[in-house]
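Data first, discussion second: the structure below is written as structure tokens.
Just so it is clear, the structure is predicted and the values come from calculations on it, not from any experiment. Within every chain, numbering begins at 1; the chains are lettered A, B, ... in the order of the sequence lines, protein sequences first and strands thereafter.
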Number of protein chains: 2
Amino acid sequence: MYAYEFIKDSIIQGKFEPGMRLGEESLAKELNLSRTPVREAIKQLEAEGLVVPLKRGVSVRHFSKEDIRQIYDLRTLLEGYGASQAAIHRTGEDLKRMEAANALYEKAIDKYLESDMNSIKEIVDMNQEFHDAIVNASKNSHIQFHISKVVVVPLVFRSFNWYNPYQLKQSLEVHKIIHNAVRNKEPERARIAMHEHIYQGRDHVLRHLGQIKNSHLLKEEV
Amino acid sequence: MYAYEFIKDSIIQGKFEPGMRLGEESLAKELNLSRTPVREAIKQLEAEGLVVPLKRGVSVRHFSKEDIRQIYDLRTLLEGYGASQAAIHRTGEDLKRMEAANALYEKAIDKYLESDMNSIKEIVDMNQEFHDAIVNASKNSHIQFHISKVVVVPLVFRSFNWYNPYQLKQSLEVHKIIHNAVRNKEPERARIAMHEHIYQGRDHVLRHLGQIKNSHLLKEEV
DNA sequence: TGTTGACTAATTGTATACAAACATTTAAAT
DNA sequence: ATTTAAATGTTTGTATACAATTAGTCAACA
């Protein structure tokens with residue numbers, strides 16, 4: 001649905017700041033729609049936990065550092081399992097998809113190293129594509145469903161902008177290690193590598209959030 | 001929201017069979033509401049995966065045996081992690097809640113052994129209460145959120161009706177083992193015991209579904 | 001000057017009306 | 001008799017109107 005995608009993207013891209021109330025009327029006006037489809041989109045986002053109910057209407061959800069830790073723990077668990085299952089169930093097609101994603105990932109990183117800032121979106125997309133390829137290879141659609149909900153939260157912080165070249169290269173290396181483990185049908189190796197990969201991502205985001213003190217994106221801990 | 005709870009409960013209690021189209025008008029009439037709140041409830045259930053979109057409207061989702069396996073794998077992963085974290089973060093209050101749940105669980109089982117069929121609901125509730133107490137003790141609200149979505153699916157099959165006295169007693173014993181591990185702060189012990197506990201539940205459901213061949217609840221595998 | 005109360009404005013929750021899409025049935029033609 | 005096409009009826013998707021609740025402001029009284 002159109003309204004759902006629009007509002008979700010707007011939240012991810014930071015157009016609506018956490019804590020900010022989402023007015024149905026203004027959203028409807030911006031989308032050239034009536035309030036009805038807007039309300040339905042909001043209800044879906046509410047069920048996914050991206051917006052929280054207020055006394056009147058909803059607001060974009062605030063995430064604390066503790067939230068980030070918990071979400072990454074959850075993601076580690078799910079994607080680690082996904083990787084181990086991928087190492088069992090992967091087909092030749094799955095391997096090809098992973099390789100294609102990593103090839104484009106590397107290309108985008110190289111462009112970034114030449115200071116092409118437009119490649120950041122491509123980096124994000126190809127990283128996502130690799131992870132999608134893994135969970136898809138696991139052949140467990142329910143894991144896939146839940147991962148897709150978990151993955152959006154860190155996107156809100158747009159932490160990819162903060163990676164340095166060394167970190168991006170390292171990320172690519174781990175992707176290759178995971179790919180190898182999946183190709184060689186080594187479930188535990190794949191799981192551990194994925195764990196490590198996501199924990200590195202978690203540490204990066206937390207470091208990033210530690211730097212921007214009192215960010216409007218971050219809820220202060222009590 | 002009222003409409004949401006009503007429709008969800010109706011699905012769990014088998015009032016709407018899988019594959020059956022949910023008419024907005026009839027639901028609204030039954031609830032003495034207009035179509036608007038009914039639609040919003042349906043949109044939420046759709047986001048949770050309990051109903052699936054059709055060309056027109058939605059229907060109750062079908063689950064295959066493979067779905068059940070995948071969902072239980074997911075639940076094992078999540079609740080196993082929850083139990084291990086509970087063993088780390090549990091407070092005295094958490095332990096009390098677990099003990100209270102198990103005490104009532106035992107009482108309900110005893111009533112069941114005296115052929116009191118009304119105690120089945122109590123058994124289901126207290127089993128749920130124990131599991132809730134565990135994930136709550138883990139102090140990870142995001143895990144809790146996802147578990148709550150995963151847990152509803154098996155309820156559709158109402159497999160508790162199929163437990164025999166020995167299995168119920170055994171279930172209670174494992175609850176106690178988990179409780180002990182959490183009390184003694186043994187994360188790995190708690191995780192393994194929870195894994196075993198849920199795998200037993202999975203096997204029970206799959207056995208049950210194997211017996212009722214061609215159940216309308218079960219989508220035939222292709 | 002600060003606090004409380006009432007009034008007003010704005011926004012959500014619900015109902016209903018209307019239009020569009022889809023299914024079903026009937027009739028006609030090959 | 002079977003297949004296709006058209007028409008009708010049912011149901012969803014969207015818009016809008018109305019009611020109810022909340023927040024905000026202004027004034028009055030302590």
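Both cation-pi conditions hold for A/Lys149 and A/Phe145: the charged atom is under 6.0 angstrom from the six-membered ring centre and inside a 45 degree cone around its axis.
Side-chain atoms of A/Ser138 and A/Tyr81 form no donor-acceptor pair, as typed in the model, at a separation below 3.5 Å.
Using a cut-off of 4.0 Å between Lys/Arg side-chain N and Asp/Glu carboxylate O, A/Glu5 and A/Lys8 are scored as not salt-bridged. Between B/Asp9 and B/Lys15 there is no salt bridge, since no side-chain nitrogen of the basic residue lies less than 4.0 Å from a carboxylate oxygen of the acidic one.
Nucleotide D/dT10 holds its P atom 13 Å from the NZ atom of B/Lys29, rounded to whole Å. Distance CE (A/Met1) to C1' (D/dT12): 12 Å, rounded to an integer number of Å. Atom CZ of B/Arg21 is separated from atom C1' of D/dT12 by 8 Å (rounded to the nearest Å).
If you check every strand for non-hydrogen atoms under 4.0 Å, A/Leu54 touches nothing. Contacts of A/Ile42 with the nucleic acid, taken as non-hydrogen atoms under 4.0 Å apart, are absent.
Partners of B/Arg39 by side-chain hydrogen bond (donor to acceptor under 3.5 Å, both in side chains), not counting sequence neighbours, listed by chain and number: A/Glu40, B/Glu24. By the side chain to side chain contact (heavy atoms under 4.5 Å, CB included) test, B/Gln167 is found to be paired with B/Tyr163, B/Asn164, B/His204, B/Arg207, residues two or more places apart in sequence or in another chain being considered.
Note that the first and last nucleotides of DNA chain C, 5' to 3', having any atom under 4.0 angstrom from a heavy atom of chain B are C/dT14 to C/dA23.
Remark on DNA chain D: of its neighbouring residues A/Lys55 and A/Glu40, the 5'-side contact belongs to A/Glu40, judged by nearest-heavy-atom nucleotide. Nearest-nucleotide positions on DNA chain C for A/Arg56 and A/Thr36 put A/Arg56 closer to the 5' end.
For B/Arg39 and D/dG13, the shortest distance from a side-chain N or O to OP1 or OP2 is below 4.0 Å.
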